[in-house]
Amino acid sequence: MKGFNNLDLYRKSNILKEQANYLLEIEVDNYGVKLYAWDRFFIEQHFDEEQQVTKINIAENSDMQKYLKKITLGDLGYPTVV
């Protein structure tokens with residue numbers, strides 16, 4: 001999905017808004033990072049301290065480590081047993 005990473009921020013933002021599923025938000029080094037699921041990919045949306053989008057990229061396996069303790073199968077749309 002290298003094509004996605006080559007799109008400009010405006011087009012990436014539109015894809016997130018219209019097609020992706022928001023999962024969660026974390027803080028990394030005083031910056032916000034939102035995680036989305038879209039078409040079998042996880043996408044990170046980075047914000048600066050003024051809440052302006054600074055970067056949107058497909059998350060690599062190594063990027064996902066920071067989310068593992070915070071995400072649940074329910075966040076991904078799978079039913080959970082209670």
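Basis for what follows: all heavy atoms, side chains included, without hydrogens, waters or symmetry-related copies.
Remark: Asp8 CG is packed, more than 12 non-hydrogen atoms of other residues, nucleotides or ligands lying under 6.0 Å away.
Within the model, atoms CD of Gln45 and OH of Tyr36 stand 4.5 Å from one another, a figure rounded to the nearest 0.5 Å. Within the model, atoms CG of Asn6 and CZ of Arg11 stand 11.5 Å from one another, a figure rounded to the nearest 0.5 Å. With rounding to the nearest 0.5 Å, the separation of NE2 in His46 from CG in Leu9 is 10.5 Å. Taking CD1 of Ile15 as the reference point, atom CG of Asp39 lies at 9.5 Å (rounded to 0.5 Å). Taking CG from Asp63 and CD1 from Ile43, the interatomic distance works out to 12.0 Å, rounded to the nearest 0.5 Å. With rounding to the nearest 0.5 Å, the separation of CG in Leu16 from CD1 in Ile56 is 5.0 Å.
Residues Leu35 and Val28 fall within the same hydrophobic cluster, defined by Ile, Leu, Val, Met, Phe, Trp and Tyr side chains chained together at heavy-atom separations under 4.5 Å.
The shortest distance between side-chain heavy atoms of Ile26 and Lys66 falls below 4.5 Å. Side-chain contact between Phe47 and Lys34 is present, with heavy atoms from C-beta onward closer than 4.5 Å.
Of all heavy-atom pairs between Glu25 and Gly32, the closest is OE2-CA, 4.0 Å.
For the side chain to side chain donor-acceptor pair (under 3.5 Å) test, no residue two or more places apart in sequence or in another chain qualifies with Lys55. Scanning for side chain to side chain donor-acceptor pair (under 3.5 Å) contacts around Gln19 gives Trp38, with sequence neighbours left out.
In this structure, a donor-acceptor pair under 3.5 Å is present between the side chains of Glu44 and Tyr67.
With Asp48 contributing its side chain and Tyr31 its backbone, the two residues share no donor-acceptor pair below 3.5 Å. Counting only distance, with no hydrogens or angles, the side chain of Lys12 and the backbone of Asn5 share a donor-acceptor pair below 3.5 Å.
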